[in-house]
Amino acid sequence: MWDALFIDCHLAAMTEDAPYGGVRDGALGVEGGHIAYAGPASGLVGPPEKLAKRVERLAGAWMTPGLIDCHTHLVFAGERAREFEMRLNGARYDEIARAGGGILSTVKAVRAAIVDDLVAASRPRLEAMIRGGATTVEIKSGYGLDLESELKMLEAATKLGEITGARILRTLLGLHALPPEFKNDRAGYVRLVCEKILPEAKRRGLVDAVDAFCEGIGFSREEVRTVFDAARGLGVPIKLHAEQLSDLGGAGLAASFGALSADHLEYVEEPDIEKMAANDTVAVLLPGAFYFLGETKKPPVDLFRKHKVKMAVAGDLNPGTSPLASPTLAMNMASTLFGLTPEEALAGMTRNAAAALGLSDEIGTLEAGKSADFAVWRIAEPAELAYWIGGLAPERVYARGKELHRVEY
Ligand code: DI6
Ligand code: FE
């Protein structure tokens, strides 16, 4: 007997066998937090009440895999809305920085916070994402920039998963910005990350991947290579912020290390895309930052298609460049700004996002054996998920078979 059986619904299973992996008049059985059955209702081997302890009728709703935001900086303290306001009132960047704005203002606020402060500040953002259909969220550190504060951020991310029931992946983003105390010692900071922060985060079981900001205003390819070597030595998977504002060849470097993903990629060139294809490195597109910064150079979506590089879509939720806590709005932006089809946008927040986290066996599609992570939407067609410019929300959200969110209409 299954724990639950959902019927009177359509599945956008996001398997690759049909558009959206679509199954009209589908059914989904759940047992022990996993999917026991996902397919046509006509394939059920008996009357629903005989198959499951609980039968849920969804009145023609669509079911999708739980949405996966595979790139966020969701844990932070303080705010930067005032900075946004100053900018729109005509303030220059150096004036904002002098008034205490910019990324280092977030670092200051994070360093002053305790873990519970970070959890309290970040929880509403995570819950907004869950109400928007997210069941898995990757969260990066990178606003602590010292041992204690980076660990604090990773601990806060861990706690948020325990509190909300969402699946949280934690990424150490030590090379995000140069902390003020290392202003004249870049190599010293890279050593601190490689020799102290990463090994300690790993020893405490707080890290699922490593990331870096490879950019003129961030860290060089050689600095990034040093942290990748350290990650490889510890067996920690690799991701990279690459080619957001310029081409430093970061995506190619990441691919050569077998990275799970290279993210942003507005400025990536074809040879590095070929390296990504050869190493199955996912291209994570972040339209929220592109939108918020008013960028004009788009990521080369046609080349990703040509070389069959998987495209994921993520929110990049962060206080400076992408205050975006809506997975479906990220999908809409991926379609309207970058030209992804609605099906590609949904694959980008399900199947391909799972690949970007190394979790393809567990989440990302509705298939027997995978975790029972799914969302239920009152829509007529799956294309609606990328169509609405905000305002769309699922009726129900489940992770590991457990209900995280429900509204009755
Ligand atoms: N790229 C970005 O655009 C953000 N981080 C990153 O690696 C900026 C984050 C911030 O301004 O707080
Ligand atoms: Fe980012």
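We count ligands from 1, going down the list as the structure has it; atoms in each ligand are counted the same way.
- Counted within 6.0 Å of CZ on F292, heavy atoms from surrounding residues, nucleotides or ligands total more than 12; the atom is thus considered enclosed.
- Checked by atom type and distance alone, the side chain of K152 pairs as donor or acceptor with a backbone atom of A113 at under 3.5 Å.
- Interatomic distance, OG1 of T64 versus NE2 of H10, reported as 14.0 Å (0.5 Å rounding).
- Neither the backbone nor the side chain of F76 comes within contact range of ligand 1; no heavy atom lies under 4.0 Å.
- Between R80 and ligand 1, a contact under 3.5 Å exists for at least one N or O pair.
- Not one N/O/S atom of H264, from backbone or side chain, sits under 2.8 Å from the Fe ion (ligand 2).
- Proximity of T106 to ligand 1 is not established, as no heavy-atom distance is less than 4.0 Å.
- For the Fe ion (ligand 2), the N/O/S atoms of D211 include none lying under 2.8 Å.
- Annotation: angle subtended at the Fe ion (ligand 2) by H73 NE2 and H241 NE2 is 100°, to 10°.
- Residue Y143 places at least one N or O, backbone or side chain, under 3.5 Å from an N or O of ligand 1.
- In this comparison of D263, L173, T321, L245, the heavy atom closest to atom 8 (C) of ligand 1 sits on T321.
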For this session: Before giving the answer on side chain to side chain donor-acceptor pair (under 3.5 Å), spell out for T171 and K140 the whole-Å C-alpha distance, their side-chain angles and the decisive distance to 0.1 Å.
Result: CA-CA 5 Å; T171 299; K140 299 175 196 298; 4.7 Å; no
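- Counting heavy atoms of neighbouring residues, nucleotides and ligands inside a 6.0 Å radius, atom NZ of K297 exceeds 12 of them.
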